[in-house]
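Structure record follows, encoded as C-alpha cells.
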Amino acid sequence: MKLREEIKKQGRMDFLLFGTIIAICVFGLVMVLSASYYSSYSEYGDGFREFSRQAGFFAFGLVVLLVASAVPFKVYQSGWVSGIFALVVAALCFAVIFFGKSDYGAQRWIQVAGISIQPSELAKPAVVLVMSCYIAQFPQGVRRFRGFMIACVIFVLMISPILAQSNLSTLMILGAIFIFMLFIGNVPIKYIAMIGGVALLAGTCMAVFTEYRMERLMSFTNPWKDPSETGYQLIQSLIAIGSGGFFGTGLNFSRQKLLFLTFGDTDFIFAIIAEELGFFGCVLLLLAYGFVIYRGIRIAMRCRMRFGALLAGGLTATIGIQAMVHIMVALGIFPTTGQTLPFISSGGSSLIVFMGLAGILLNISRYDVANQITCEPVVKNSNTNITPIGTKGQNGQ
C-alpha cells in the first residue's frame, strides 16, 4: 500500500532530460550502425549485426528506464535493498573470475543465455547507492575519521572482486565516483586528499609493476614510439579525429572504420563521431551531455531529501565521469582504457545500466520542489524546508 501511495504522490518527471537522453541514445544507434557496418560485414557477412543487437538492447533499456522512473527512489534508501544489490553485484563480479569469458586478453564478461554480460558496469550504480545510503544515514559520522574509514572499508570490499580481475580502468572510474560522493557528503577535504593520494599511489604501483600496463602508459605518452603495437589504437584515433576537420567527412564516410581503428563502435566511437561529423558534431554532442549533467545537478539541488540529493548527484557524476574518460582517451589526454561512451557505444551492459541510472534520476525529478510534492523534509524550518547536502537533518536524513 505504501508503495502505491508513493507512486500516486509523484509529480511529472523532467521531460527535457528524458527527451535529451532518448535523443542521445537514438544518435548512438545511428553511429553504431555507421561505425560497425564494415567490420560486421567483414567478420559475419551481415553489416547490420551489431546495429540489430544494439537496437534490441535499446528497446530493453527503454523498458528499464521507464520502470526505474516509476519506482519511488525512496525504495533504494532501505539498507537491505542497497546491501542485497551490492552483494549480488559482488557475486557476479566474483563469478567472472571463475567462469568468465575472455576477450582480447581481458576476462570481464559472463555468458548468460548466449548474451555477454559485464558485471563491473553494475558496480558503478552500486557504489553510488551504497554510499548515498551510508552518508545519508550518518551525515555527521562520515565527517569524522572513524566514519570516513568505515566508508573506505565498505568501498574496498565492494571493489575487491574487480581488483581481482585487474580491471584498472573501471577501478579508476569507481574511485573517482567514490571521491565525488565523499565530496558532496561534506567529508573534510583533508580526508578526501588522503584517499586520493592513496589511490594515486596504488594505481601507480599497479601500472609500474605490471608490464602490459606500463607499456600502455608509455604508449600514451608517445604512441609513435611503437606505432604498430601499443601505440596503434591511439594513433588511429588521432588520425580519425584530425581527418574530421570542422564539419567532418560525412555520416558513414569514415575511413578509419575500414578495419584501421578497431573497437570503433565501442571504446573509440567518439573518434568515429569526430571523423564523420567533425568539430561541429562533437560540440553538439558535448552540449547534449552538458545539458544532461546540468539537469542532473538541478535535480540533486532541488530534491528535499538528503538521500535523493546524494543519489542524484552520484548518478549524474557517473554519467559525466565515464563520458569524460572516454573522450579523453580518444583525444590522447588519458591512457587507453576500455570504457564506453554513455548511451552511445555498442554494448548491452553499458547501455542498459546507464539507461537504468537515467530512469532513477528521472524518478528523483518527480520529487522536484517545483512540483509541490510533499516530500519528507531534511530539516524543519520556518523559513525553508530545503537543506543543502551535508547538513544534519531529522534522523540523519
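Because only heavy atoms are used, hydrogens play no part in the values below, and waters and symmetry mates are left out as well, while side chains stay in.
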Heavy-atom donor-acceptor pair, Thr249 side chain to Phe253 backbone, under 3.5 Å: yes

CZ-CZ distance between Arg298 and Arg302, expressed to the nearest 0.5 angstrom: 4.0 Å

If we only count heavy atoms from C-beta on, is the Phe27 to Leu285 side-chain gap below 4.5 Å? yes

Just say parallel, tilted or perpendicular for the rings of Tyr294 and Phe291, cut-offs at 30° and 60°. tilted

ILVMFWY network linking Ile360 to Val88, side-chain heavy atoms under 4.5 angstrom: yes

Report yes if some heavy atom in the side chain of Met355 is under 4.5 Å from a heavy atom in the side chain of Leu62; otherwise report no. yes

Please step through side chain to side chain contact (heavy atoms under 4.5 Å, CB included) for the pair Ile24 and Tyr289, ending with a clear verdict. CA-CA 8 Å; Ile24 295 175; Tyr289 277 121; 4.3 Å; yes

Hey, what do you get for CD1 (Ile173) to OG (Ser169), rounding to the nearest 0.5 Å? 6.5 Å

Is there a side chain to side chain donor-acceptor pair (under 3.5 Å) between Asn252 and Lys257? Walk through the geometry before answering. CA-CA 9 Å; Asn252 198 39; Lys257 71 182 180 184; 2.8 Å; yes

Is there a donor in the side chain of Gln339 and an acceptor in the side chain of Thr170, or the other way round, less than 3.5 Å apart? yes

Under a 3.5 Å distance rule, please check whether Arg143 uses its side chain to pair with a backbone N or O of Asn186 as donor and acceptor. yes

Is a donor from one side chain sitting under 3.5 angstrom from an acceptor on the other, for Gln322 and Thr340? yes

Single-linkage hydrophobic cluster, 4.5 Å side-chain cutoff, Phe60 and Leu357 together: yes

At what distance, to the nearest 0.5 angstrom, does CD1 of Ile162 lie from NZ of Lys124? 8.5 Å

Yes or no on ring-ring contact (aromatic ring centres under 6.0 Å, His included) for Tyr134 and Phe138, after CA distance, side-chain angles and deciding distance? CA-CA 6 Å; Tyr134 178 73; Phe138 305 104; 5.4 Å; yes

Determine whether Val30 and Phe57 fall in the same hydrophobic cluster, where Ile, Leu, Val, Met, Phe, Trp and Tyr are linked whenever their side-chain heavy atoms lie under 4.5 Å apart. yes

When you look at His326 and Ile269, which way does the side chain to side chain contact (heavy atoms under 4.5 Å, CB included) test go after all the steps? CA-CA 9 Å; His326 178 99; Ile269 198 167; 3.8 Å; yes

I want to check something: taking the side chain as every heavy atom from C-beta on, are Leu362 and Phe15 in contact at a cut-off of under 4.5 Å? no

Correct closest heavy-atom pair for Pro161 and Ile97 would be O-CD1, 3.7 Å

Please tell me whether Ser34 and Glu276 have a donor and an acceptor in their side chains that are separated by less than 3.5 angstrom. yes

Can you tell if the side chain of Phe178 reaches within under 4.5 Å of the side chain of Val156, non-hydrogen atoms only? no

Do the non-hydrogen side-chain atoms of Ile273 and Ile344 ever get within less than 4.5 Å of each other? yes

Testing the basics here: between Glu275 and Ala240, what is the closest heavy-atom pair and its distance to 0.1 Å? CB-O, 3.2 Å

Asp46 (side chain) donor-acceptor with Tyr41 (main chain) under 3.5 angstrom: no

Minimum heavy-atom distance between Ile235 and Pro223, given as atom pair plus value: CD1-O, 3.5 Å

Report yes or no: does Arg366 contribute a side-chain atom to a donor-acceptor pair with the main-chain N or O of Ser69 at less than 3.5 Å? yes

When you measure from the side chain of Gln118 to the backbone of Ile110, do you find a donor-acceptor pair of N or O atoms at a distance under 3.5 Å? no

Evaluate the side-chain proximity of Cys133 to Phe307: yes if any heavy-atom separation is below 4.5 Å, no if none is. yes

How are the rings of Phe354 and Phe343 set to each other: parallel, tilted or perpendicular (split at 30° and 60°)? perpendicular

Taking C-beta and beyond as the side chain, do Cys152 and Tyr191 meet within less than 4.5 Å on heavy atoms? no

Is it true that Phe247 and Leu286 fall in one hydrophobic cluster, defined by side-chain heavy atoms closer than 4.5 Å? no

Compare every heavy atom of Thr316 with every heavy atom of Ala312, then report the nearest pair and how far apart it is. O-OG1, 2.8 Å

CE of Met324 to CD1 of Ile333: how many Å apart, nearest 0.5 Å? 10.0 Å

Would Gln233 and Thr262 count as a side chain to side chain donor-acceptor pair (under 3.5 Å) here? Give the steps. CA-CA 7 Å; Gln233 279 289 91; Thr262 52; 2.6 Å; yes

Work out which heavy atom in Leu331 is nearest to a heavy atom in Leu238; give both atom names and the distance. O-CD2, 3.6 Å

hydrophobic_cluster_shared for Leu66 and Leu315, side chain cutoff 4.5 Å: yes

Quick check against the 3.5 Å criterion: does Ser365 have a side-chain atom that pairs as donor or acceptor with the backbone of Asp14? yes

Worked check of side chain to side chain contact (heavy atoms under 4.5 Å, CB included) between Asp265 and Ser39: CA-CA 10 Å; Asp265 60 325; Ser39 58; 5.5 Å; no

Hey, could you give me the CE/CZ distance between Met194 and Phe148, rounded to the nearest 0.5 Å? 4.0 Å

So, the side chain of Ser78 versus the backbone of Val75: is there a donor-acceptor pair under 3.5 Å, distance only? no

Could you go through Ile364 and Tyr367, starting from their C-alpha distance and side-chain angles, then the distance that decides it, and tell me whether this counts as side chain to side chain contact (heavy atoms under 4.5 Å, CB included)? CA-CA 6 Å; Ile364 300 173; Tyr367 292 84; 5.6 Å; no

Under 4.0 Å between a Lys/Arg side-chain N and an Asp/Glu carboxylate O for Glu43 and Arg49? no

Would you please classify the geometry between the Phe48 ring and the Phe51 ring as parallel, tilted or perpendicular, with 30° and 60° separating the classes? perpendicular

Side-chain (Tyr232) to main-chain (Phe260) donor-acceptor, under 3.5 angstrom: yes

What's the separation between atom CG in Leu284 and atom CG in Leu277, rounded to the nearest 0.5 Å? 9.0 Å

Minimum heavy-atom separation for Phe268 and Leu261, please, with both atom names. CB-CD2, 3.9 Å

Just so I know, are the side chains of Val329 and Asp267 near enough to count as touching, which here means a heavy-atom distance under 4.5 Å? no

Could you go step by step and tell me if Phe246 and Phe279 meet the ring-ring contact (aromatic ring centres under 6.0 Å, His included) rule? CA-CA 5 Å; Phe246 194 82; Phe279 177 77; 5.6 Å; yes

Would you confirm whether Ser350, through its side chain, and Gly347, through its main-chain N or O, come within 3.5 Å as a donor-acceptor pair? no

